[in-house]
Amino acid sequence: MTKQKVLLLDGNSLAYRAFFALPLLTNDQGVHTNAVYGFAMMLEKILKDEQPTHMLVAWDAGKTTFRHSTYKEYKGGRQKTPPELSEQFPYLRKMLDAYNIRQYELESFEADDIIGTLSREAAAGGVETVVITGDKDLTQLADEAVTVQITRKGMTDIEAYTPDHVKEKYGLTPEQIIDMKGLMGDASDNIPGVPGVGEKTAIKLLKQFGSVEGVYNGIDEVSGKKLKEKLVENEELARMSKALATINTESPIEIGLSDITYPGPDMEQVIPVFRELNFRTLIEKADGAQPATETEEAEEIRFTVAEKAPESLLKSGTAFHVELSDEFYHTADILGVALSDGKETVYIPSDHLKADPQLAKWLADDSSEKLTVDAKASLAALARLELEADGIVFDLLLAAYIANPSVSLTDASSAAREFGFSGVSEDQAIYGKGAKRAVPDLETVAEHASRKALAVHRLRETVEGRLKENNQFELYRELEIPLATILGRMEATGVKTERGILEEIGEDLAGKLEAIEEQIYALAGQTFNINSTKQLGVILFEEMGLPVIKKTKTGYSTAADVLEKLSGRHEIIDLILEYRQLGKLQSTYIEGLLKEIHADGKIHTYYQQALTQTGRLSSTNPNLQNIPVRIEEGRKIRKAFVPSEPGWVMFAADYSQIELRVLAHMSGDEKLIDAFREGEDIHTRTAGDVFHVEAQDVTPDMRRAAKAVNFGIVYGISDYGLSQNLNITRKEAAEFIDRYLASFPGVKQYMEDSVAEAKEKGFVTTLMNRRRYLPDINSRNFNLRSFAERTAMNTPIQGTAADIIKKAMVEMDKRLEREGLQARMLLQVHDELIFECPEEELGKLAEVVPDVMEAALELDVPLMVESAYGPSWYDTK
DNA sequence: GCACTCACG
DNA sequence: ACGTACGTGAGTGCG
């Protein structure tokens, strides 16, 4: 049974919020739709984020409520609901019905009271509850079980109010919000409060006396003669205001939790409503997100299970798919192979694969074109059966990624759906998840695999057409697909890792950690869990009274940059920093890596080729792209990565300043191009230009600042970001940036152009036409928009650098083969390649590798590569 | 499962 | 006025 979660929405408040947050939109019938649209956007987000089991939208009912009998001016003076909004309520209700969301209203009660009453029922049953509203009044309901979420400017931007949050914001408990209203009133509801008492005074009083009642019980202790007078004079008003502001949690509602179960939306109902309202984007989203419907699922597929691949399928243009028991293809059980040419589909269970020489021959024949989904996984898995595959010209997964990297591609189903085909079940639906995961019967697996092969075959034309339309076919076909084979081989080759070296470092770390731990406990005067930021925060900021520099949304920040600022104030700080550092090495790199060494003494990472938004690779299980290097103590971990053959060595080559060189090229900035052409130290040169001094007069501090500015430029600079990085004021940072941009006008122009292009087209591109869509670039939400703008500046640079090294890898593979070298490419770390090779090949490699990397793409500035070698990865510096 | 922290480029 | 540097993955604590 899944955990229950109740979602209670304040219909009127949200509709108002949406109405005023968005510009007046209309559909083709002239009906205003902005409130419905905002509501729908918010719903989609909430449903996705919260996954509720119960849901209710509560509406206000009637003009007068029980509160009016207390105070007839309640909510007086309010503007009448604009007709442009009123006309939208019917559509809102209709849409909610289509979503299968229960709606409820109760004569003479407000939505707040319905929500309050239901949330108490849920809380009593220990059920997690989320209240969503645009109205801060509801924060009084927050407690352990109830979170109140308030929409901010944009409808999908939501702030969660928990008791901690309320406490942080006002210094009060949620219940005291009512008392605050009692004292200060609420203009929007026309609650009077005590005249002359505002938020500050109210909070001060409540901190002293706890509640309205408390204030009057202790009225003699109230400081300030005037204030006391006002309070005494308006006692009735205060008590009444509090009553008005109090949500009735015992309203006579006729529904309970069991009446508001949420079965999920009926998209067949929702989409027509969207269509009526002309919600194009939402329709597209809904269409894409819609699970395969029963009719589609039921579409007949003809496939046969065979012991041998039929000759009729062993030809050019056939799709194949290797079905595995899970996604970890270095270890997963290989279940079988499906083949399809669109007419005939066959599944061959794995027992027969090795005994099918015809199939093996076909797979290895590069002149026979093959289509597949996730070539890399297939290749790595087949390699374990000593089968090779060549001639792959189509990979559905990579195609979907190139078409739009923002789509989450988990399996063949998601990739197929990206191109409008929903005839493939998700792997999870077939194999289950978590503890219930299991391989089902042969027939089920055979059908699942067959559907994938068939989908691959069917989609080829559509997919290639789409990529060609966007000028991405070359990127896909000449870069990503060949790279998949290379990565598959790198993964399968793996990196030899010396267990003994890791263990030795681990023992050393364990000793140091223990010593530091004892010192920390001694200084703190108690033992506690140093890894718990919560406990550490209490010790440092409450017990030791150190100043709070930064807060996180859940408490005190104890991040390294904060601790560094506290470094001089107490000896414990440096010890904690060291403990963190060594603890990280121990848990992530020593213990973590030891767990990943396979029986062959090697680590086999998985490169994610269809994941990052910029075109970079990522590395998982384990991540070999973030092995320590910056600090010597951690760098020693690299001593454990060694060649896999006797007489071999490790060889590494990295691009120098590749992103800044890409920036120089793409921006065409003359000074930047010049600097690189003349082979100057780029940070020194930048410092000279920004600070208007000669190169020999640049101080280390100036160079450091310039380096940070250069990084900032690449990241899509902001004064705040730079100020944090350099620990200077925002104003100083802004000045640096201004001076930089004045010195490099081409860069300034380029940054502006990138953003402008994104705003116009909705996406940005790299030199090789990789795309990233930026839907938030025109958002009215400052944060979202700013983020998209920085992304528009950064992605073409980071992405082009990724294109370049990928291209280098493809060329490298050919070149090593052509030169007849035994050297093997093992790892890629964004701007560097790591190899192992026989010692006698070193001379050749030192020539060939930089040569290939530097020639990967011709830019207006030279690409520079530095290489090194040694007995372990550590020594390649 | 999320928040926080920290490792890399 | 708004609140952040870009891109990742993994371990730990905690509800």
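Note that these values count all heavy atoms, side chains included, but never hydrogens, waters or copies made by symmetry.
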Chemist: Heavy atoms only, 4.0 Å cut-off, all strands: where does A:N725 land among base, sugar-phosphate and nothing?
Modeler: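 Contact class for A:N725: base.
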
Chemist: According to the interplanar angle, ranging from 0 to 90°, do the rings of A:H683 and A:F711 count as parallel (below 30°), tilted (30 to 60°) or perpendicular (above 60°)?
Modeler: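 Plane angle under 30°, so parallel.
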
Chemist: In terms of the nearest nucleotide of DNA chain C, which residue is placed more toward the 5' end: A:S587 or A:G721?
Modeler: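 Upstream on the strand: A:G721.
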
Chemist: Between A:D803 and A:T800, does any side-chain donor sit less than 3.5 Å from a side-chain acceptor?
Modeler: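 Side chains of A:D803 and A:T800: no pair found under 3.5 Å.
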
Chemist: Under the salt bridge (Lys or Arg N to Asp or Glu O under 4.0 Å) rule, what do A:R437 and A:E327 come out as? Steps first, then yes or no, please.
Modeler: CA-CA 12 Å; A:R437 196 178 167 93; A:E327 78 248 48; 5.1 Å; no

Chemist: Which part of the nucleic acid, if any, lies within reach of A:Q798 when heavy atoms closer than 4.0 Å are counted: base, sugar-phosphate only, or nothing?
Modeler: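 Here A:Q798 touches the bases of the nucleic acid.
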
Chemist: With a cut-off of less than 4.0 Å, is there a side-chain N or O of A:R630 near OP1 or OP2 of B:dC8?
Modeler: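 Answer yes for this pair, as a side-chain N or O of A:R630 is under 4.0 Å from OP1 or OP2.
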
Chemist: Does the C:dT8 base have a donor-acceptor partner in the side chain of A:S618 within less than 3.5 Å?
Modeler: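 Checked by distance alone, the answer is no.
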
Chemist: How is A:E659 classified with respect to the nucleic acid when contacts are heavy atoms under 4.0 Å: base, sugar-phosphate, or nothing?
Modeler: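 The residue A:E659 makes no contact with any strand.
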
Chemist: Could you state the atom-to-atom distance from CZ of A:F528 to C1' of C:dC14 in whole Å?
Modeler: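 About 17 Å, once rounded to whole Å.
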
Chemist: For C:dG13 and A:T533 - does any side-chain N or O of the residue sit under 4.0 Å from the phosphate oxygens OP1/OP2?
Modeler: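 False: A:T533 side-chain N/O out of range (4.0 Å or more) of C:dG13 OP1/OP2.
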
Chemist: Could you verify whether a donor N or O on one side chain and an acceptor N or O on the other, from A:Y401 and A:E480, lie under 3.5 Å apart?
Modeler: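 No, no side-chain donor-acceptor pair sits under 3.5 Å.
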
Chemist: Within this structure, what is the CZ-to-P distance between A:F787 and C:dG3, rounded to whole angstrom?
Modeler: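 So the two atoms are 15 Å apart, to the nearest Å.
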
Chemist: Looking at every strand, decide which applies to A:L585 at a 4.0 Å heavy-atom threshold: base, sugar-phosphate, or nothing.
Modeler: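 It contacts nothing in the nucleic acid.
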
Chemist: Can you tell me how far P of B:dC8 sits from CG of A:L617, to the nearest Å?
Modeler: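 Result: 19 Å.
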
Chemist: Using a heavy-atom cut-off of under 4.0 Å over every strand shown, decide if A:T795 touches base, sugar-phosphate, or nothing.
Modeler: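 If one applies the 4.0 Å heavy-atom cut-off, A:T795 turns out to touch nothing in the nucleic acid.
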
Chemist: As a test of understanding, state which of A:Y874, A:Y589, A:W873, A:F835 forms a ring-ring contact (aromatic ring centres under 6.0 Å, His included) with A:F641.
Modeler: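 Going through A:Y874, A:Y589, A:W873, A:F835 one by one, the ring-ring contact (aromatic ring centres under 6.0 Å, His included) with A:F641 is satisfied by A:W873 alone.
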
Chemist: Provide the distance between the two P atoms, one in B:dC4 and one in C:dA5, to the nearest whole Å.
Modeler: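 Between the two P atoms, the distance is 13 Å.
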
Chemist: Starting at CD1 of A:I797 and ending at C1' of C:dG7, how long is that distance when rounded to a whole Å?
Modeler: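 It is 13 Å, rounded to the nearest whole Å.
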
Chemist: Heavy atoms only, 4.0 Å cut-off, all strands: where does A:G716 land among base, sugar-phosphate and nothing?
Modeler: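 Counting heavy atoms under 4.0 Å across all strands, no contact is made by A:G716.
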
Chemist: I want to check one thing: is the phosphate of C:dT8, taken as OP1 and OP2, less than 4.0 Å away from some side-chain N or O of A:N626?
Modeler: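 Checking A:N626 against C:dT8: no side-chain N or O falls below 4.0 Å of OP1 or OP2.
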
Chemist: Output the single nucleotide from C:dT8, B:dC8, B:dG9 whose closest atom is nearest the side chain of A:P628.
Modeler: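 Of all the options, the side chain of A:P628 is nearest to B:dC8.
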
Chemist: Taking the side chain of A:F782 as heavy atoms from C-beta outward, which of C:dC2, C:dA5, C:dC6 is closest to it?
Modeler: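 Per side-chain heavy atoms of A:F782, the pick is C:dC2.
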
Chemist: Give A:S723 one of three labels, base, sugar-phosphate or nothing, depending on what nucleic acid heavy atoms sit under 4.0 Å from its own.
Modeler: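 Counting heavy atoms under 4.0 Å across all strands, no contact is made by A:S723.
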
Chemist: Can you check the A:Y579 OH to B:dC6 C1' distance for me, whole Å?
Modeler: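 In whole Å, B:dC6 C1' and A:Y579 OH are 15 Å from each other.
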
Chemist: From C-beta outward on A:N529, which listed nucleotide comes closest to its side chain: C:dA10, B:dA7, C:dG13?
Modeler: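 Selected nucleotide: C:dG13.
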
Chemist: Give a yes/no answer on whether the side chain of A:R790 brings an N or O atom under 4.0 Å of OP1 or OP2 in C:dA5.
Modeler: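 The answer is no; no side-chain N or O of A:R790 sits under 4.0 Å from OP1 or OP2.
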
Chemist: Can you figure out which of C:dG7, C:dA5, C:dT4 approaches the side chain of A:T614 most closely?
Modeler: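 Nearest listed nucleotide: C:dG7.
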
Chemist: For the side chain of A:R730, starting at C-beta, report the closest nucleotide among B:dG9, B:dA7, C:dT4.
Modeler: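 Selected nucleotide: C:dT4.
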
Chemist: Using a 4.0 Å heavy-atom cut-off, does A:S786 contact any base of the nucleic acid, only the sugar-phosphate backbone, or nothing at all?
Modeler: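 Answer is nothing: A:S786 stays at 4.0 Å or more from every strand.
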
Chemist: With the side chain of A:K553 defined as its heavy atoms from C-beta on, choose the nearest nucleotide among C:dT4, C:dG7, B:dC4.
Modeler: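 Of the options given, the side chain of A:K553 lies nearest B:dC4.
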
Chemist: What interatomic distance, in whole Å, is found between P of C:dT4 and the corresponding atom of B:dA3?
Modeler: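 These two P atoms come out 14 Å apart once rounded.
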
Chemist: Is A:A145 touching bases, backbone alone, or none of the nucleic acid, heavy atoms closer than 4.0 Å?
Modeler: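 Counting heavy atoms under 4.0 Å across all strands, no contact is made by A:A145.
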
Chemist: Could you state the NZ-C1' distance from A:K636 to B:dA7, rounded to the nearest angstrom?
Modeler: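 Rounding to the nearest Å, NZ of A:K636 and C1' of B:dA7 are 17 Å apart.
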
Chemist: OP1 or OP2 of B:dA7 versus the side-chain N and O atoms of A:R580: is any pair under 4.0 Å?
Modeler: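 So the side chain of A:R580 is outside the cut-off, no N or O lying under 4.0 Å from OP1 or OP2 of B:dA7.
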
Chemist: Scan A:N621 against the nucleic acid and name what it touches under 4.0 Å (heavy atoms): base, sugar-phosphate only, or nothing.
Modeler: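 Touches sugar-phosphate only.
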
Chemist: Side chain of A:N623: nearest nucleotide among B:dA3, C:dC14, C:dA10?
Modeler: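 Given the options B:dA3, C:dC14, C:dA10, the side chain of A:N623 is closest to C:dA10.
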
Chemist: Answer whether the closest heavy-atom distance between the side chains of A:I682 and A:R661 falls below 4.5 Å.
Modeler: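 Result no, sub-4.5 Å side-chain heavy-atom pair not found.
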
Chemist: Taking only side-chain nitrogens and oxygens of A:T620, does any of them come within less than 4.0 Å of OP1 or OP2 of C:dG9?
Modeler: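 A:T620 to C:dG9 OP1/OP2: no side-chain N or O under 4.0 Å.
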
Chemist: With heavy atoms under 4.0 Å as the rule, sort A:E144 into base, sugar-phosphate or nothing.
Modeler: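 Since no nucleic acid heavy atom lies under 4.0 Å of A:E144, the category is nothing.
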
Chemist: For a quick test of reading the model, state the closest non-hydrogen atom pair linking A:A122 to A:V6 and the distance between them.
Modeler: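 Shortest heavy-atom contact: CB-CG2, 4.3 Å.
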
Chemist: Is there, by distance only and without an angle test, a donor paired with an acceptor across the side chain of A:Q625 and the base of B:dC8 below 3.5 Å?
Modeler: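 Side chain to base: no pair below 3.5 Å.
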
Chemist: Is there a side-chain polar atom (N or O) of A:K534 under 4.0 Å from OP1 or OP2 of C:dG15?
Modeler: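 So the side chain of A:K534 is within the cut-off, an N or O lying under 4.0 Å from OP1 or OP2 of C:dG15.
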
Chemist: Just so I know, are the side chains of A:L540 and A:L563 near enough to count as touching, which here means a heavy-atom distance under 4.5 Å?
Modeler: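 Side chain of A:L540 against side chain of A:L563, heavy atoms only: contact under 4.5 Å found.
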
Chemist: Please determine whether a side-chain nitrogen or oxygen atom of A:T552 lies at a distance below 4.0 Å from atom OP1 or OP2 of B:dC4.
Modeler: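 Affirmative; the distance criterion is met.
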
Chemist: Classify A:A802 by what it touches in the nucleic acid, base, sugar-phosphate, or nothing, heavy-atom distance under 4.0 Å.
Modeler: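 Nothing, no heavy atom under 4.0 Å.
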
Chemist: Assign A:L611 to base, sugar-phosphate, or nothing according to its heavy-atom contacts below 4.0 angstrom with the strands shown.
Modeler: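 Here A:L611 touches the backbone only, sparing every base.
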
Chemist: Need the pair for C:dT8. Rule: Watson-Crick or G-U wobble, both distances under 3.5 Å, any strand; none if unpaired.
Modeler: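 Partner of C:dT8: B:dA7.
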
Chemist: Side-chain donor-acceptor pair under 3.5 Å between A:Q613 and A:T795, yes or no?
Modeler: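 Per modelled atom types, A:Q613 and A:T795 side chains form no pair under 3.5 Å.
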
Chemist: Report the distance from atom CG of A:N781 to atom C1' of C:dT4, rounded to the nearest whole Å.
Modeler: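 Rounded to whole Å, this separation is 13 Å.
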
Chemist: How is A:V829 classified with respect to the nucleic acid when contacts are heavy atoms under 4.0 Å: base, sugar-phosphate, or nothing?
Modeler: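 Sugar-phosphate contact only - A:V829 comes under 4.0 Å of backbone atoms but never of a base.
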
Chemist: Side chain of A:T554 only, please: which of C:dG3, C:dC6, B:dA3 is the nearest?
Modeler: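 In terms of side-chain proximity for A:T554, the closest of C:dG3, C:dC6, B:dA3 is B:dA3.
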
Chemist: With a 4.0 Å cutoff (strictly under), does any side-chain N or O of A:S532 reach OP1 or OP2 of C:dC14?
Modeler: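 Affirmative; the distance criterion is met.
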
